[in-house]
Amino acid sequence: KKKNNNNKNIPFDIDGMNVTSLSRQQELLAPALCTTTDTQGGIRFSRIGSNLDGYAHSILSVPGLGTDNTSAECIPIVLNGTTGSIASLAEYCSTCLGDGFPGVDLDGKDNGNSNSLSYLNACHQINAGSADYYLGKLFKGGGQSNSNNAYQEASVRTASAFLNKCLPLNTHVRSLMAAIGMMNENLCPDKTSMAAHVTNVCAMTSEEGVAYPVGGPRAICHALTSVIEQCGGRV
């Protein structure tokens, strides 16, 4: 079976059956589920949200976020999937949570003092090695697994160590990033893998947004069934 190392960083929410990095997901699934009657792979995805709302896909509420105490009502934040989603999140942290301003110079390079923007960029840099790490676990020669892989190193560390080191001063920004990193899990940062944390942060701030399979989870089951039967199997 052909393995394509260009398909990288494709997180999948098994509970909500949602996916991010849609272009890579479709590219990965189509060859695997291609049949004689459906050359596109049997699964279609649709982005959550619309152009009017910036393809908003999640509303996150963290107790005490943006307020003076945890008993007060929090300020919910809407996560969207449009161009500049990382910068817009950093701007939110600047205006609502007291973080530094994420300014950029004329060349488009970071020239501000935004801790949240630096943190988000660091997460994306670490997550770039996730494909090699997991392919190396699944297939012999499928990826490069070595001590120089930042994602591999992150897998044996906790998210709290990363958060406390990079965001030591602003508890609101630290809480927000922790919540984004494991928003679908009931785990505190000191029990969360840093690798899983950065992958979730990258998924939730992806410019491609979040998508779901048209027809729901059963669409994936039907596509898999078709391939199994075409290969002589039975379901």
Side-chain angles (χ1 to χ4, degrees), residues 1-62 76-86 88-89 123-124 127 130-131 133-135 137-139 142 178-187 192-193 195-235:
K1 296 182 179 179
K2 182 180 178 181
K3 299 183 288 293
N4 188 345
N5 286 354
N6 292 325
N7 295 303
K8 296 183 177 181
N9 313 324
I10 309 175
F12 187 83
D13 174 12
I14 193 64
D15 292 324
M17 299 301 288
N18 296 327
V19 300
T20 58
S21 300
L22 182 58
S23 61
R24 301 190 188 106
Q25 185 81 332
Q26 189 68 71
E27 183 183 355
L28 177 68
L29 285 177
L33 299 178
C34 180
T35 68
T36 55
T37 58
D38 188 350
T39 58
Q40 295 188 43
I43 300 177
R44 309 293 180 270
F45 292 97
S46 178
R47 290 180 68 179
I48 296 175
S50 68
N51 188 50
L52 294 177
D53 58 25
Y55 292 98
H57 54 77
S58 302
I59 300 178
L60 185 62
S61 297
V62 181
I77 177 173
V78 177
L79 300 177
N80 57 40
T82 57
T83 301
S85 57
I86 295 178
S88 63
L89 180 58
C123 286
H124 280 268
N127 196 54
S130 61
Y133 173 75
Y134 287 118
L135 284 174
K137 292 287 187 180
L138 293 172
F139 306 107
I180 293 175
M182 292 300 284
M183 62 183 301
N184 294 320
E185 300 288 343
N186 187 24
L187 290 174
T192 299
S193 167
H197 170 79
V198 298
T199 294
N200 280 297
V201 168
C202 293
M204 291 296 100
T205 57
S206 168
E207 293 186 348
E208 291 189 39
V210 175
Y212 63 92
V214 176
R218 70 179 63 186
I220 298 179
C221 297
H222 289 323
L224 291 171
T225 298
S226 177
V227 174
I228 292 171
E229 291 177 344
Q230 183 175 310
C231 294
R234 186 174 63 180
V235 178

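The figures that follow rest on heavy atoms only: side chains count, while hydrogens, waters and symmetry mates do not.
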Query - Exercise: identify the closest heavy-atom pair between Val214 and Ala219 - result: O-CB, 3.2 Å
Requested in this report: Only pairs at least two apart or in different chains count here, so list each salt bridge (charged side-chain N to carboxylate O under 4.0 Å, His left out) that has a residue in residues 41-53.
Outcome: Asp38-Arg44
Query - Set of side chain to side chain contact (heavy atoms under 4.5 Å, CB included) partners for Ser206, sequence neighbours left out - result: Glu208
Requested in this report: Could you tell me which non-hydrogen atom of Ala56 sits nearest to which non-hydrogen atom of Ile48, and how far apart they are?
Outcome: O-CG2, 3.6 Å
Requested in this report: Go through Ile180 and Leu89 one step at a time and tell me if the side chain to side chain contact (heavy atoms under 4.5 Å, CB included) criterion holds.
Outcome: CA-CA 11 Å; Ile180 293 175; Leu89 180 58; 3.9 Å; yes
Report summary line: d(Cys123 SG, His197 NE2) to nearest 0.5 Å is 5.0 Å
Requested in this report: Only counting residues at least two apart or in another chain, list the ones meeting side chain to side chain donor-acceptor pair (under 3.5 Å) with Thr205.
Outcome: His124
Report summary line: Contacts of Ile228 meeting side chain to side chain contact (heavy atoms under 4.5 Å, CB included) (sequence neighbours excluded), chain-then-number -> Val235
Query - Residues which pass side chain to side chain contact (heavy atoms under 4.5 Å, CB included) with Leu52, listed by chain and number, not counting sequence neighbours - result: Ser50
Report summary line: Tightest non-hydrogen contact, residues Ala211 and Phe45, listed as CB-CB, 4.1 Å
Query raised in the report: About how many Å separate CG of Asn80 and CD of Glu207, when rounded to the nearest 0.5 Å?
Result: 10.0 Å
Report summary line: The reported gap from CD1 in Ile220 to CD1 in Ile43 (rounded to nearest 0.5 angstrom) is 4.5 Å
Query raised in the report: Between Thr192 and Glu185, is any pair of side-chain heavy atoms under 4.5 Å apart?
Result: no
Query - Residues that Ala178 engages under side chain to side chain contact (heavy atoms under 4.5 Å, CB included), provided they are two or more places apart - result: Leu163, Pro189
Query raised in the report: What are the two closest non-hydrogen atoms of Val201 and Gly181, and how far apart are they?
Result: CG2-CA, 3.7 Å
Report task. Search all heavy atoms of Met204 against all heavy atoms of Ser58 and return the closest pair with its distance. Result -> SD-OG, 4.0 Å
